[in-house]
Amino acid sequence: MKPIASTAEILVFKMLGYNVNTKWIDWAYGMLVAGFENEDLVILAGELEPYNQFELQILADKVFFDLNLNWDDRELICKNYVCYLVSEAVDGRMLPINVLDILKDIYLSADYDPPYDDFYELYYAYDDLKYSKNQWYIAGVTRENINEIIKAYFVKWSNGCA
């Protein structure tokens, strides 16, 4: 059985040390619906705010161990998350600018990892073009073609995902 798609997001959150929030709880519920079942996953899926981060981080570790989900391979985890987000945009479930905003932050959190620099530059090119006729991040990108360039880049990136 294969974990649900949002597992990529939760693994990045774990790898980067993010606090457990409703996305984690929704993920746990989604995993249960997909047929995964263990006691710790059921407990995580049933958590309500306010969250006790100390307890929930330990619980999440148990869930990941029980499901054999590993977050040690930083490069693979980041790539899978980028693929997940890009597919969300390509399939119309997320706005491309929202995906770029998230990926810009991942690029910064990943210590300026080169595979993700285009997302950073696309985000700021888009942001600059909201307020100005010029941007200095990517040659040839204008207000008229920024959305098509973003879409084409997402499609190209998604072709490299497994």
Side-chain angles (χ1 to χ4, degrees), residues 1-36 41 44-45 57 60-61 63-64 67-162:
M1 194 168 4
K2 188 176 177 184
I4 63 174
S6 62
T7 301
E9 179 174 50
I10 299 305
L11 288 174
V12 163
F13 290 173
K14 181 64 178 168
M15 181 185 73
L16 295 174
Y18 288 10
N19 284 336
V20 173
N21 60 26
T22 55
K23 285 190 175 193
W24 295 60
I25 307 310
D26 293 344
W27 167 79
Y29 179 77
M31 290 290 283
L32 289 171
V33 170
F36 290 87
L41 187 62
L44 183 60
Q57 290 294 336
D61 286 346
V63 168
F64 294 143
L67 297 175
N68 199 27
L69 296 173
N70 189 328
W71 64 91
D72 292 338
D73 187 342
R74 185 177 183 97
E75 185 177 319
L76 179 62
I77 296 299
C78 284
K79 181 182 181 210
N80 288 343
Y81 184 47
V82 171
C83 288
Y84 165 70
L85 288 175
V86 166
S87 73
E88 292 289 292
V90 168
D91 295 342
R93 290 184 295 271
M94 284 184 76
L95 293 174
I97 190 59
N98 294 346
V99 170
L100 288 176
D101 186 30
I102 293 167
L103 293 177
K104 172 232 349 147
D105 292 339
I106 294 296
Y107 172 74
L108 296 172
S109 296
D111 298 324
Y112 301 93
D113 199 0
Y116 311 112
D117 56 354
D118 289 341
F119 295 111
Y120 175 88
E121 291 175 356
L122 283 168
Y123 174 82
Y124 281 107
Y126 183 92
D127 192 57
D128 282 359
L129 291 170
K130 287 191 307 189
Y131 307 104
S132 171
K133 291 183 181 183
N134 299 312
Q135 58 79 30
W136 307 106
Y137 292 93
I138 305 169
V141 174
T142 65
R143 282 182 175 173
E144 291 75 27
N145 67 7
I146 184 72
N147 290 321
E148 291 79 24
I149 288 172
I150 291 170
K151 184 177 179 179
Y153 187 73
F154 281 6
V155 169
K156 179 182 171 188
W157 183 273
S158 67
N159 289 336
C161 297

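Computed from a predicted model, the values in this text were never measured in an experiment.
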Hey, are the side chains of [X] and [Y] touching, using non-hydrogen atoms and a 4.5 Å cut-off?
{"X": "W24", "Y": "V63", "result": "no"}
{"X": "Y116", "Y": "K79", "result": "yes"}
{"X": "F119", "Y": "I102", "result": "no"}
{"X": "P3", "Y": "L67", "result": "no"}
{"X": "V141", "Y": "L129", "result": "yes"}
{"X": "M31", "Y": "S6", "result": "no"}
{"X": "W71", "Y": "F13", "result": "no"}

What orientation do Y153 and W157 show, parallel under 30°, tilted 30 to 60°, or perpendicular over 60°?
tilted
In terms of the angle between their ring planes, are Y107 and Y120 parallel, tilted or perpendicular, with boundaries placed at 30° and 60°?
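The rings of Y107 and Y120 sit tilted, inter-plane angle from 30° to 60°.
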To the nearest 0.5 Å, atom CD1 of I10 lies from atom CD1 of I77 at 11.5 Å
For the pair D26 and K23, find out whether any cationic side-chain nitrogen is under 4.0 Å from an anionic carboxylate oxygen.
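So D26 does not pair with K23 through a salt bridge.
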Tell me, please, which residues at least two apart from D72 pass side chain to side chain contact (heavy atoms under 4.5 Å, CB included).
N70
According to side chain to side chain contact (heavy atoms under 4.5 Å, CB included), who are the partners of I97, at least two apart in sequence or on a separate chain?
L95, L100, Y123, Y126
Any side chain to side chain donor-acceptor pair (under 3.5 Å) involving residues 10-21? Give me the pairs, sequence neighbours left out, ordered by first then second residue.
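For residues 10-21: K14-Q57, K14-D61.
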